[in-house]
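Letters A, B, ... mirror the listed sequences (proteins, then strands); counts begin at 1.
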Amino acid sequence: MPMDVMTGNSAQAYGAKLARAEVVAAYPITPQTTVVEKLADLVASGEMKSQYIKVESEHSAMAACIAASATGARAYTATAAHGLALMHEMLIWAAGSRLPIVMGNINRAMAPPWSVWADYQDSIAERDTGWMQFYCQNNQEVLDTVIQAYKVAENHDILLPAMVMEDAFYLSHTFEPVDVPPQKDVDDFLPPYDPPIKLDVDNPVGLWALVPPDHYMEFRFKIAKAMEDSRKVIQEVDEEWEKKFGRSHGGLVERYRMEDADAAIIAAGTMSSTARVAVDNMRDKGKKVGLARLRVFRPFPYEEIRQIAKEVDSIGVLDRSYTFGHGGAFYTETAGALYQAPERPHVKNYVIGIGGRDIPPKEIEGILEKVLSKEDGGEVEWWGLRTSGSREVN
Amino acid sequence: MIQIRFHGRGGQGSVVASNILAAAAFLEEKWVQSFPFFGVERRGAPVTAYTKIDDKPIWDRSEITEPDYVIVLDASLVAVVDVTHGLKENGMVLLNSESKPEDIELGDGFRIATVDATEVAVAHGLGSKSAPIVNSAILGAFSKASGEVDIKSLEASILKMAPAKHKENAAAALEAYEKVQF
């Protein structure tokens, strides 16, 4: 299979191309711009057969994807930060309509103050919209996950949209080797979208009716059920991918050197890639530490988290965003899942890398030392603040 | 792992150079990673870019703080940027300069190489005398001075990835390969 060096944004675009997305509607925003530039080139050159719709905003981009998907077309878009925030209303519309749209989101910090660097506030703020959320750690995973996400989303038991996240610059603008699978193999893996219901002039149906209180709740329950059921499908699709293409991305939670670990960190995105180096360095010193990478945040993999809690005495949860008022979202969800667990280890939240601040392995090693010691007081710590070193908020 | 840090000014092609170098090493079946220091690259402003080359997959995604090589595309940057910061003992600085390596004063403990990449670039019609695009020339010089990547791999990557003037860029790399002093 051909390997090439490409950016995460090119990998995102090739993922959409290989998935044969039939409609692309997107609006450019740093650091997503090169995704849509690449797609525009591929469509203009005839390499990709797709309807490329130019729109005047991200809200319209998602509206166009919703309309396209409702007619049974496979729809794709990509955005970042403020673009995602502007889509908010349409995100809920897409999920409520049970449309399997796939969207790349290049995680970027929200302004003010202005920033174009990596931070998860944009996608964490969309946690409750009914979209599945995948966080990638390398460009290969970006390409593979776009294709996997369609397969999960279009499953008739699921029918929910999915976001495929890339860290701004750490993936979006980073060149590295990516294996581009042959179109034929992807076609075998991902057949054309077969919608159970669609807008069709020859067979008219009505969508988006007003639903009174005696039925609305059931619509919401069905989304909740589909999101629960997606756990199994995400796992199965990743396993099927591994059988066909020889690589797995870990399903919902990827474990690294967790065997006989006393302490673990939970992290997502590119910081979990760097954290492997930190774990290796600590293991070289005989310290029993491991890493659990949160590949999927929605649905939240509470069973996998509870399993980790059975195995270790202490967990540090690393968040690249903060939910003002109490803790980072990865932490509060982890702690919430553990309350119902039979074993509850020491758990602490480390807020790190906000606004794209670089995370070298030695910083993660510092956190691992503290997690291992279990003597680290407090519940939430902002790691490496410039003001006076580390500070706790509570 | 070999770590290379580029210092240039916006418009000189530092980020493209870091990518072309990664692609060249990839042709030699190495694992690579290249990325810009996440600045908002404006024309003329100092720009930093990184290339990592290894025999195994590269998981560390943090910035390069202890480079084996530093490549400076614009000698005037030496006055405003600490280009040798963190450079490893016996590492190398490759400078775009008319001067000989022994006439460059940057400190002790590392090797210095020089090439007049501006002259080479202008001779091949790459940019103007005031705004030369020196990235292909400096990469050719790097190939010879470092021995880390073959000039043939670089040539192939330049022909594939240069945004324009592919042959001129490849020729500039070959000429600088011959002219670099170290």
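- One side chain, B/H124 or B/E175, offers a donor N or O that lies under 3.5 Å from an acceptor on the other.
- Here B/S34 is the residue among B/S34, B/A23, B/A22, B/S18 with the most heavy-atom pairs under 4.5 Å with chain A.
- Between A/S123 and A/Y135, the side chains place a donor N or O and an acceptor N or O closer than 3.5 Å (distance only, hydrogens not considered).
- Looking only at heavy-atom pairs under 4.5 Å with chain A, the residue among B/T65, B/D60, B/T51 that has the most is B/D60.
- Proximity to chain B is absent for every atom of A/E363, based on heavy atoms less than 4.5 angstrom apart.
- The candidate from A/P360, A/P177, A/A118 with the greatest count of non-hydrogen atom pairs under 4.5 Å with chain B is A/P177.
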Stepwise ring-ring contact (aromatic ring centres under 6.0 Å, His included) test for A/F169 and B/F35:
CA-CA 8 Å; A/F169 297 97; B/F35 56 98; 10.0 Å; no

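- Using modelled atom types, one finds a donor on one side chain and an acceptor on the other under 3.5 Å when comparing A/D280 with A/Y256.
- Of the atoms belonging to A/V277, it is side-chain heavy atoms, and not backbone ones, that fall under 4.5 Å from chain B.
- With a 4.5 angstrom heavy-atom cutoff, A/N138 touches chain B via backbone and side-chain atoms both.
- A/Q140 and A/D144 share a side-chain donor-acceptor pair at under 3.5 Å.
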